[in-house]
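Letters go in sequence order (proteins before strands), and every chain restarts at 1. Everything quoted here is computed from the prediction, not taken from an experiment.
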Number of protein chains: 2
Amino acid sequence: MPTISPRYDEGKEMFTLKITVLGVGGMGSRFALMLHQAGNDVTLVDGWQANVDAIRQNGIQANFNGKQVAAKMPIYTPAEVAQAGLQADLIVVFLKSNQLTATFSQVRALIGKDTYVLCLLNGIGHEDVLEEFVAKDHLILGITMWTAGMTGPGQVELLGDGEVELQNFEPAGKDFAQQVVDIFQGAGLNPHYSENVKYSIWRKACVNGTLNCLCALLDCNIGELGKTAEAPALLHTIIAEFAAVAVKEGIKLDTEEVYQHVAATFTADIADHYPSMHQDLVQHHRRTEIGFINGAVARKGQKYGIATPYCTLLTQMVHVKEQLLGAK
Amino acid sequence: MPTISPRYDEGKEMFTLKITVLGVGGMGSRFALMLHQAGNDVTLVDGWQANVDAIRQNGIQANFNGKQVAAKMPIYTPAEVAQAGLQADLIVVFLKSNQLTATFSQVRALIGKDTYVLCLLNGIGHEDVLEEFVAKDHLILGITMWTAGMTGPGQVELLGDGEVELQNFEPAGKDFAQQVVDIFQGAGLNPHYSENVKYSIWRKACVNGTLNCLCALLDCNIGELGKTAEAPALLHTIIAEFAAVAVKEGIKLDTEEVYQHVAATFTADIADHYPSMHQDLVQHHRRTEIGFINGAVARKGQKYGIATPYCTLLTQMVHVKEQLLGAK
């Protein structure tokens, strides 16, 4: 059985953590690869058997800003975790939001009393799911601007630059969160310790809560949506609903700043990009993460007695479309 | 110049009206043909040149419940109306809702002080447009359950049965409206004089206001929509918005009865039917009539201070889709 507490590595004059990356798609592969390359102890867990097989055989194979690299790390399926006796000091979660409950239920053995979970997923309300599996003071939340794309089992494209912003969910987690920042710093992940990561999470959720569902339902890319006469009104109304709910959770969004932040994408390099929900729903007929974006705002709105009709209708329509397309 | 008042036809022992059918698509062709076959004086006006040419040459050619029939009537384009000295006792309107203003502006010469206008179009708020061209007490409103389909210029399929329900918009128009009922009766159009046609118009608008925009935006037929888990909630919320606005116009919709009326389509013969807005938008990339359905409820809601977020968002999304598809 591996120990579950950080060990002091005298050679490196640092604590080393046993890091598990849970969910080894594009982003999971990026974080695993960069942490591994920086000398960290990284283990992988992923539920897609073809991906597990490919990585087991060849490691993660990446086009890393034009350079072809490969990195071998131990990899397990969630079902193998308990039997392998795996435990982790830090679990970095890159599952799909709607896989959280099912997968965490399978990998409970990974989580000891000192295990921290870092969640960098897009969307809102992941902590509500994760607190079933990890104590709140062992939860670290964040956002990342890194991007990544899968091109096949075990194969990823890791292009461009990014950042990570993170913060412990409860004050007690601060020391550990800062340790994570140090480790990420060493791996070139450009981390920042945030004093108000919940604000950043809600602000980023406004990007996903406008562009993702609208582009998916209307079958268009970001720039095409932005050129329509209705785009400003649509964005303003949806952001206002996010803000009305966020304030009930202690986050006061600057709605005009957030609007400008979202609208800036209409003419940015990513204008010709189809958001991930479009890729999931329209291109691959997969179930979407709407329940952790507009759906979360609708649920929380109901809880707080705040009307969120746009978020509710958009969520309903995405769910209808999932059913029409037989999304799995 | 033809006279504009009804003339007593001694041979037939009835007043004959000069009837103009304005808009000779499927439904316009049906009404024109059936009125003409019953011996009425019917003139056609249509803006589609190929349709006008075909009808001028061969008359309206119809598959009339399996029997091929043709009926020649004079036909003009809107631009020819003034020069031809045309006037009408009764104008039966079967234009697209969003063509009303432009076309009526062109055919003003048709409308004398005794001319009545009968509008059987789906949707809400046509009277607001028409009162610019005809006095309110010369306006007759109604709905029809007849169907019709165009198969080409001058060619239509007229299958099945139907009904018409109509009523003068103001009390002063009652005698004339009842005269129209008599004429329609003679033409086999199954008319009923209604004591509350506005209720029927709003009730029918609830069918279009739910099925049309949802099937168009979600690219599905009526039955497919009805099979989704969200359909009941979507219908209830949209119908509630229609009802909240209707009550401000003196119409108290029985929302549960209306819901059952709409939901009944999910398992009816027309379940495999794509509503006209799907045909317009998705199939033919044409501008839709959303502005006279959900868009009218949104506009009226704003006027009365009633929140109609579902109708507003659905209208916005349909307009976005029109722009994305370059609809004309």
Side-chain angles (χ1 to χ4, degrees), chain A residues 209-211 213-238 240-241 244 266 274 278 281-282 285 287-288 290-291 294-295 297-298 301-302 306-327, chain B residues 209-211 213-238 240-241 244 266 274 278 281-282 285 287-288 290-291 294-295 297-298 301-302 306-327:
Chain A
T210 46
L211 305 183
C213 51
L214 289 172
C215 289
L217 286 169
L218 295 162
D219 191 11
C220 63
N221 66 33
I222 293 169
E224 288 166 345
L225 175 67
K227 285 198 191 84
T228 66
E230 284 72 19
L234 286 166
L235 265 54
H236 273 117
T237 309
I238 296 167
E241 291 186 1
F266 292 152
Y274 289 84
H278 185 283
L281 188 63
V282 181
H285 298 190
R287 295 203 57 171
T288 72
I290 192 79
N294 307 77
V297 173
Q302 197 159 29
I306 304 279
T308 60
Y310 272 51
C311 285
T312 304
L313 175 52
L314 290 165
T315 302
Q316 289 169 321
M317 289 179 78
V318 169
H319 284 322
V320 168
K321 198 74 194 170
E322 288 170 344
Q323 290 161 67
L324 289 170
L325 295 171
Chain B
T210 47
L211 304 183
C213 52
L214 289 172
C215 289
L217 286 169
L218 295 162
D219 191 10
C220 64
N221 66 33
I222 294 170
E224 288 166 345
L225 175 68
K227 286 198 190 83
T228 67
E230 284 73 19
L234 287 167
L235 265 55
H236 273 117
T237 309
I238 295 168
E241 291 186 1
F266 292 153
Y274 289 85
H278 185 283
L281 188 64
V282 181
H285 299 189
R287 296 202 56 171
T288 72
I290 191 81
N294 306 77
V297 173
Q302 199 159 26
I306 304 279
T308 59
Y310 272 50
C311 284
T312 304
L313 175 52
L314 290 165
T315 302
Q316 290 169 320
M317 290 178 79
V318 169
H319 284 322
V320 168
K321 198 73 194 171
E322 288 171 343
Q323 290 162 68
L324 290 171
L325 295 171

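- Looking at residues two or more places apart in sequence or on another chain, you find no side-chain hydrogen bond (donor to acceptor under 3.5 Å, both in side chains) involving A:E224.
- Across all their heavy atoms, B:A229 and A:Q323 have their closest contact at N-OE1, 2.8 Å.
- Judged as a side-chain hydrogen bond (donor to acceptor under 3.5 Å, both in side chains), and not counting sequence neighbours, B:N221 has no contacts.
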Pair B:H319, A:T228 - check side-chain contact (heavy atoms from CB on, under 4.5 Å), show working. CA-CA 9 Å; B:H319 284 322; A:T228 66; over 6 Å; no
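- Proximity to chain A involves both the backbone and the side chain of B:T312, based on heavy atoms less than 4.5 angstrom apart.
- Considering all non-hydrogen atoms of both residues, A:L313 and B:L313 come closest at CD2-CD2, 3.8 Å.
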Stepwise side-chain contact (heavy atoms from CB on, under 4.5 Å) check, B:L217 with A:L218: CA-CA 7 Å; B:L217 286 169; A:L218 295 162; 4.1 Å; yes
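- Most heavy-atom pairs under 4.5 Å with chain B: of the set A:K227, A:M317, A:E230, this distinction falls to A:E230.
- With a 4.5 Å cut-off on side-chain heavy atoms, A:V320 and B:L234 count as touching.
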